[in-house]
Amino acid sequence: MFSKRCICRIISTSRLGSQNKRWHSNHARPIAQSTIDEEEREKFQKLSHTWWNETGEFQALHALNALRVPWITNSLVEKQDQPPPLHTKPLLGLQILDAGSGGGILSEPLARLGANMIGVDMVEDNIRVAQTHLEEDPSICGSVKYIQATVEDLVETNEDAFDAVVASEVVEHVSNIDTFLTSCCKIIKPGGSIFLTTINKTALSYTTGVLAAEYLLRLVPIGTHDWEKFISPEDLQFLLDKCGFSTTLIHGMMYNPLTRRWSWISNSSVNYGLHAVKLHPQTSETSSKENSTDSVERSD
Amino acid sequence: MACNLLRHCKLCNLSTRIVNSLTSRNLHSSSNEKADIVISGGGMVGTAMACALGHTDFLQDKKIILLESAPEKKDFKLSERYSNRTCAISPATVGLFQNIGAWDEILQMRCQPVKRMQVWESCSDSVITFNDEELMNDLAYIVENDVILEAIRRQLSSLSDRVEVRYQTSAKSYIIPGSTPGHDNVDQNTWVTIETDKGQKIQTKLLIGADGMNSAVRKAGKFHVFQQDYKQQAVVATLEVSGTSDNSVAWQRFLPTGPIAMLPLSSNYSCLIWTTSPTKAKYLKDLQDDNFVDAVNDAFWHERDKDSTVMSISQKYQELLNYVFSDNQVVRQLPPTVVGVDPGSRASFPLSLNHSSNYVKPRVALIGDAAHRLHPLAGQGVNLGFGDVSCLSQVLNEAVQSGSDVGSLYYLSKYETERQRAVLPVVMTIHGLHHLYNTDFSPVVLLRSLGLQSTNALQFVKNKIIQQASS
């Protein structure tokens, strides 16, 4: 219902492009064929110094860690054959990409649990904030690397390199989700995971996620979200299937502004989380023939 | 690690440039020692906190330091004479001690179970008794403070790989971002800096203040505190009582000047806690031993304050209660006679109510008397402190399990909410009881007598009270 990550816009010939009013076709840049949306970047630069204030603008994002960190950890640990050798570091040895890392709010806890993190973000200020904060904690300093880049930039040199990619509160700010997901697919190992948290495109998400959150309750600054960019879990799942993923979980989430805590709910009309696994090459050929798009809903 | 992955990536150079251009903040100089958790204050609650953290599973690779100003007691010998400072330990606290392995140590030294409690007053005949129905479970345990501290310290010394204890070290100053003058505008997420009296500087993610009712941590963090001086002193002493076969009853009599209580220590000895005015307290301390004994006996037995109007009304009311609750008759026991007092065991300390409006701030948490200090009339003070220890160690375990920073306000505020929900009702009840019994004004005496008699007749209410006090 908020989220302050900036992800680059990709010039594309996507099917969404013509409907996207933010598409700047005459701003082609040589690096990774991407454009930085100026409006989007400016709005986050103002906020970068308040990233780590737990009671400030990013309160809900900090609170979301209580939901997404255990979810990511448990999902990745379950997939392992053996229990982790050090139970205080369940993610030891895993390579994880935090797409749209912002101030590093999600990267640091995952690093504390043992993961090797790479955080990418388009806004240099965010990378700066994240790196400065990282250096304050010597125990995780060597486990996290922040790079000012896009996911697409990493595709050339990091094919099949990551055990997991986390795109939390990101896809609602991307102009071409298709390209984004395809790039994610290329950099994830076969059998690896992608974790997404985003906002559904419904009337309810407009009233609560945009109107109420931005104008009434002031949980996020006005203009943070563009309802046009929200995506339903069904559409997201379809795109993931096309890219070679198999969705294993879709679950709704809800933020209670009174208690300032998140909880898992069965209704995914507003916020939801999605976990998908990259199929192995042989399996993906078989499954595309069978056209299986069943999602398994599990309530945790 | 991450570097190997990107050794062929041209973006590596870009990120290196960014890293080199960043400047560290002033407070994070590499010469300072870094810790995860520092506990300031090694009293019963602070040491118990250190021990509980040492036993907490997920904190095993965290650096935990306990700062205690007193020297280490290498050779503790259980003295024959009982100490005059004791606590009434609730079953919930016993649970905590069992978890940290200190309960067996205490049992090996000494403690006295309380099977029954009798509370009455001097202005009327109303009385209330608490006991477990079959006298099987103990209501509380009376243990000397020294015994508790020694038992916990022994356990702590076996955890030396998990918790570092620095004796004869106290904090000279704290720099708490956002609170300390000169650091008001610093981001509150910056670590806390502690300067010890030995000149060491420690930077920590979480500072736990366990430094008692005049907590320096609380002052440094600019916590708002509600304080009320009760204008009373508690006189403590070790009494020798007439030999009873089973000294397992705790006695408390409310006098208009304050309650007098006798807690069993052994079959022949009991501990006295007499709350009274400062002048009376001084007078009692200056008395000769045998005169003091007479004064104590007089306080438990005299009938001078009895209000006859109230007595007759309450008698009629009691007859009514006996008729309605015919199976629950009032059983009034007589307290043992005091025959002597341990020479040199008399002391007194002032009483006040201190309650901090907040127990936590980013990177700071208060536990024990630093957060809340109450009137001793219900023996709840230290148990609330140990309750803080259990709660905070559970919350920190949860925080670390989610990869969170231990000083994160998200989890600390969970601790604060849970503890305030437990502590505030107790503080208000005890404060209320103090005011209720602090007078000999007839209507108030009548009200409280009838109220006490009614409560005494309702077993399920008494069970609820015991349950509440034991948790």
Side-chain angles (χ1 to χ4, degrees), chain A residues 31 49-56 59 62-63 65-70 72-73 86-91 95 106 108-118 120 124 127-128 131-133 135-140 142-149 153-154 156-158 161-162 259-261, chain B residues 1-25 27-28 30 32 34-36 56-63 178 187-191 203 205 361-363 397-414 417:
Chain A
I31 296 174
H49 68 282
T50 56
W51 280 97
W52 284 95
N53 182 356
E54 275 186 270
T55 51
Q59 182 162 51
H62 281 280
N65 272 351
L67 226 56
R68 53 188 178 171
V69 174
I72 295 168
T73 311
L86 201 59
H87 72 282
T88 52
K89 296 217 181 304
L91 301 177
Q95 197 72 45
L106 180 56
E108 288 196 16
L110 291 175
R112 272 192 206 103
L113 294 173
N116 284 331
M117 295 299 303
I118 297 198
V120 290
E124 193 182 327
I127 298 292
R128 210 171 259 169
Q131 187 67 37
T132 315
H133 194 265
E135 284 175 359
E136 291 175 19
D137 191 350
S139 61
I140 48 171
S143 313
V144 188
K145 198 172 185 99
Y146 291 110
I147 300 169
Q148 188 192 351
D153 293 337
L154 299 179
E156 279 171 31
T157 45
N158 295 287
F162 289 97
T259 60
R260 295 190 289 267
R261 276 166 165 67
Chain B
M1 282 189 284
C3 223
N4 290 336
L5 184 72
L6 295 165
R7 66 176 177 268
H8 301 299
C9 184
K10 295 188 187 84
L11 291 165
C12 236
N13 291 335
L14 177 69
S15 63
T16 322
R17 272 209 312 276
I18 291 175
V19 167
N20 288 340
S21 70
L22 290 167
T23 51
S24 317
R25 297 184 197 183
L27 292 175
H28 288 268
S30 50
N32 288 348
K34 294 208 177 191
D36 289 291
T56 302
D57 202 22
F58 277 86
L59 292 171
Q60 49 183 261
D61 46 6
K62 302 288 176 201
K63 185 163 178 193
D187 177 17
Q188 285 195 319
N189 196 250
T190 315
W191 296 23
Q203 276 178 309
K205 284 182 181 168
K361 270 202 169 177
R363 302 207 180 281
N397 191 38
E398 218 182 289
V400 175
Q401 238 181 324
S402 309
S404 169
D405 186 329
V406 283
S408 156
L409 191 61
Y410 181 87
Y411 290 95
L412 290 179
S413 56
K414 253 196 198 182
T417 310

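All of these numbers come straight from a predicted model, not from anything done at the bench. Numbered from 1 within each chain, the chains take letters A, B, ... in sequence-line order.
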**Student:** Considering non-hydrogen atoms only, spot the tightest contact between B/Q401 and A/L113 and give its length.
**Tutor:**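 Nearest pair, atom of B/Q401 first, then A/L113: O-CD2, 3.7 Å.
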**Student:** Identify which part of A/T88 has an atom lying under 4.5 Å from any heavy atom of chain B, answering side chain, backbone, both or neither.
**Tutor:**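 It is both, since atoms from each part get that close.
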**Student:** With a 4.5 Å cut-off on heavy-atom pairs, point out which of B/S413, B/G403, B/A399 contacts chain A the most.
**Tutor:**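 Between B/S413, B/G403, B/A399, the count favours B/G403.
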**Student:** Above 12 or not: heavy atoms from other molecules or residues under 6.0 Å from CZ of A/R260?
**Tutor:**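 Counting other residues, nucleotides and ligands, CZ of A/R260 stays at 12 neighbours or fewer.
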**Student:** For B/S408, is it the side chain, the backbone, both or neither that has a heavy atom under 4.5 Å from a heavy atom of chain A?
**Tutor:**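 Both backbone and side chain.
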**Student:** Do B/K34 and A/P138 have side chains that get closer than 4.5 Å, going by heavy atoms?
**Tutor:**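 Heavy-atom side-chain distance check passes, below 4.5 Å.
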**Student:** Partners of B/K63 by salt bridge (Lys or Arg N to Asp or Glu O under 4.0 Å), sequence neighbours excluded?
**Tutor:**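 Result, salt bridge (Lys or Arg N to Asp or Glu O under 4.0 Å) vs B/K63: B/E33.
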**Student:** Check whether any side-chain heavy atom of B/Y410 lies under 4.5 Å from a side-chain heavy atom of A/Q59, and answer yes or no.
**Tutor:**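 A side-chain contact is absent here, since even the closest heavy-atom pair is not under 4.5 Å.
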**Student:** For A/D137, which residues count as a salt bridge (Lys or Arg N to Asp or Glu O under 4.0 Å) partner, sequence neighbours excluded?
**Tutor:**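 Expected list: A/R112, B/K205.
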**Student:** Search all heavy atoms of A/P70 against all heavy atoms of B/S402 and return the closest pair with its distance.
**Tutor:**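 Smallest heavy-atom distance, with atoms named: CG-OG, 4.1 Å.
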**Student:** Can you name the closest pair of heavy atoms from B/D61 and A/K89 and give their distance?
**Tutor:**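 Result for this residue pair: OD2-NZ, 3.8 Å.
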**Student:** Chain A heavy atoms under 4.5 Å from B/D405: which part of the residue, side chain, backbone, both or neither?
**Tutor:**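 When you check distances to chain A, atoms from both the backbone and side chain of B/D405 fall under 4.5 Å.
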